[in-house]
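Before any comments, here is the structure.
All heavy atoms count here, side chains included; hydrogens, waters and symmetry mates do not.
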Amino acid sequence: MAAATTASPATAPSSFPSTTRKSSLPILCVARKFKVAAASLSSDPSPAFQSVTAFAPATVANLGPGFDFLGCAVADASLSLGDTVTATFDPALPPGTVAISAVTSPARPHLAARLSRDPLRNCAGIAATATLRALGVRSHAVSLTLAKGLPLGSGLGSSAASAAAAAKAVDALFGSLLTLHDLVLAGLESEKAVSGFHADNIAPAIQGGFVLVQSYDPFRLVQLPCPPSLRLCFVLVTPDFEAPTAKMRAALPKKIDIGHHVRNSSQAAALVAAVLQGDAAGIGSAMSSDGIVEPTRAPLIPGMVAVKAAALEAGALGCTISGAGPTAVAVIEGEENGEEIARRMVDAFWSAGKLKATAIIAQLDRAGARVISTSRLLK
């Protein structure tokens with residue numbers, strides 16, 4: 001299927017290298033200043049499928065005190081909380097290029113018209129191009145269709161979900177030759193073009209679970225395993241209000257008090273410890289304890305302060321702003337009180353902020369980006 005848009009070559013310059021593991025620990029480390037080279041796999045791989053469809057989940061970045069270095073993946077059972085990309089081998093396109101044939105948004109039809117089909121200006125297109133480059137594909141081209149399940153500017157990692165799903169689908173189309181590390185780097189190409197160099201959305205969107213960004217230069221990620229018995233759920237309440245990441249980042253303080261720094265650092269460390277121990281109450285407590293970013297951003301989201309208070313009063317273990325907002329995220333163990341907490345939070349957005357809001361109860365998504373369907377190559 002030929003796309004109606006200009007194709008993007010997979011040979012454009014890039015900023016990140018492919019990586020290899022140097023230990024058995026789930027850690028990624030690369031030097032940020034070097035360029036991505038094509039993967040040292042079999043030269044110019046051929047498609048393994050005619051098409052591949054991949055899903056990538058929503059993400060909650062920052063997790064309270066972990067600004068720009070902590071994040072986790074969340075999804076619901078129907079996989080509506082995330083984005084889906086289909087990558088199709090398309091011989092009608094110029095070799096080594098990516099095109100976007102369609103963008104849809106089943107739950108928000110108006111959203112599709114706001115998204116570019118230019119692969120150089122679309123998160124999925126940028127990530128797909130970076131993935132082709134990492135694979136070393138030169139003789140084949142890919143057409144993408146993107147189905148947006150996440151709203152824009154919601155604080156749920158909308159751009160990262162598109163990038164992660166595209167990277168996963170394109171890699172799988174050519175036989176799943178890349179590591180998770182390579183896929184994160186491909187997704188970062190998209191993130192840095194759209195919202196800046198931060199990995200607390202794209203890393204969990206691809207890897208799943210909780211992820212710690214240990215450092216940005218050199219770039220280093222650590223997967224945080226948590227016990228399978230942990231029944232962590234998230235009440236996500238999104239008001240009818242956009243909070244663009246660039247605007248919310250611009251509002252942050254340029255200097256902070258040393259006491260606030262110490263407190264936030266200790267709470268971020270406590271959150272990591274709670275994740276490793278499977279302590280839901282500890283996770284919630286630490287998430288609620290951001291003394292730097294949340295106090296600055298909350299007044300910019302009408303009703304947010306009241307929403308957090310309502311969630312805690314209703315029995316949530318913790319509550320904070322998801323990413324740059326405006327979504328409020330409350331943590332609970334199990335889903336038993338989720339609907340009541342969600343109702344209180346929605347009511348608070350309306351009563352205190354005069355904003356309509358929608359709520360969904362999600363689970364910790366441990367899988368990250370994954371293939372959900374494939375079709376065989378046409379003879």
Exercise. T179 and D182: side chain to side chain contact (heavy atoms under 4.5 Å, CB included), yes or no, with the steps?
Worked result: CA-CA 5 Å; T179 66; D182 293 319; 3.1 Å; yes

Problem set entry | Test log, rule side chain to side chain contact (heavy atoms under 4.5 Å, CB included), inputs D118 and I100 | CA-CA 7 Å; D118 180 347; I100 300 176; over 6 Å; no

Problem set entry | Intermediate values then yes/no, side chain to side chain contact (heavy atoms under 4.5 Å, CB included), T374 and T53 | CA-CA 6 Å; T374 60; T53 299; over 6 Å; no

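Under the 4.5 Å side-chain criterion, counting only non-hydrogen atoms from C-beta, I292 is not in contact with F67. Proximity of V184 to Q207: side-chain heavy atoms (C-beta onward) are separated by under 4.5 Å at one or more points. Under the 4.5 Å side-chain criterion, counting only non-hydrogen atoms from C-beta, I341 is in contact with M345. Residues D200 and V211 fail the side-chain proximity criterion, which asks for heavy atoms closer than 4.5 Å. In this structure the side chain of L135 reaches within 4.5 angstrom of the side chain of L177, judged on heavy atoms. The closest side-chain heavy-atom distance from P204 to F210 is not below 4.5 Å. Within the 4.5 Å cutoff, side-chain heavy atoms of F349 are placed close to those of V237.
Among residues at least two apart or in separate chains, side-chain hydrogen bond (donor to acceptor under 3.5 Å, both in side chains) pairs with a member in residues 64-77 are D68-R249, D76-S78, D76-S80. Sequence neighbours left out, the pairs with a member in residues 156-177 that pass side-chain hydrogen bond (donor to acceptor under 3.5 Å, both in side chains) are D83-S162, K148-S158, K148-S162, S159-E191.
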Please set out all donor-acceptor pairs under 3.5 angstrom arising from side-chain atoms of residues 224-236, sequence neighbours excluded.
| residue | atom | partner | partner atom | Å |
| --- | --- | --- | --- | --- |
| R231 | NH2 | E336 | OE2 | 3.1 |

Donor-acceptor pairs under 3.5 Å, side chain of residues 305-325 to any protein atom, not counting sequence neighbours: which ones?
| residue | atom | partner | partner atom | Å |
| --- | --- | --- | --- | --- |
| K308 | NZ | S288 | O | 2.9 |
| K308 | NZ | E294 | OE1 | 3.4 |
| K308 | NZ | E294 | OE2 | 2.8 |
| T320 | OG1 | E294 | OE1 | 2.7 |
| S322 | OG | G155 | O | 2.6 |

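Under the 4.5 Å side-chain heavy-atom criterion for Ile, Leu, Val, Met, Phe, Trp and Tyr, F174 and I126 are members of distinct hydrophobic clusters. Connection of L185 to V85 is established within a shared hydrophobic cluster, with ILVMFWY side chains joined at heavy-atom distances below 4.5 Å, either directly or through further cluster members.
Here the side chain of R117 pairs no donor or acceptor atom with the backbone of V103 at under 3.5 angstrom. Remark: the backbone N or O of H261 is paired with a side-chain donor or acceptor of S265 at under 3.5 angstrom.
D290 and R297 are not joined by a salt bridge, as no carboxylate oxygen comes within less than 4.0 angstrom of a charged side-chain nitrogen.
T88 and S51 are not linked by any side-chain donor-acceptor pair at a separation below 3.5 angstrom, with hydrogens and angles left out of the test. Judged by distance alone, the side chains of D44 and S139 do bring a donor and an acceptor atom under 3.5 Å apart.
The side-chain hydrogen bond (donor to acceptor under 3.5 Å, both in side chains) search around N62 returns none, not counting sequence neighbours. The side-chain hydrogen bond (donor to acceptor under 3.5 Å, both in side chains) test applied to D347 returns R343, not counting sequence neighbours.
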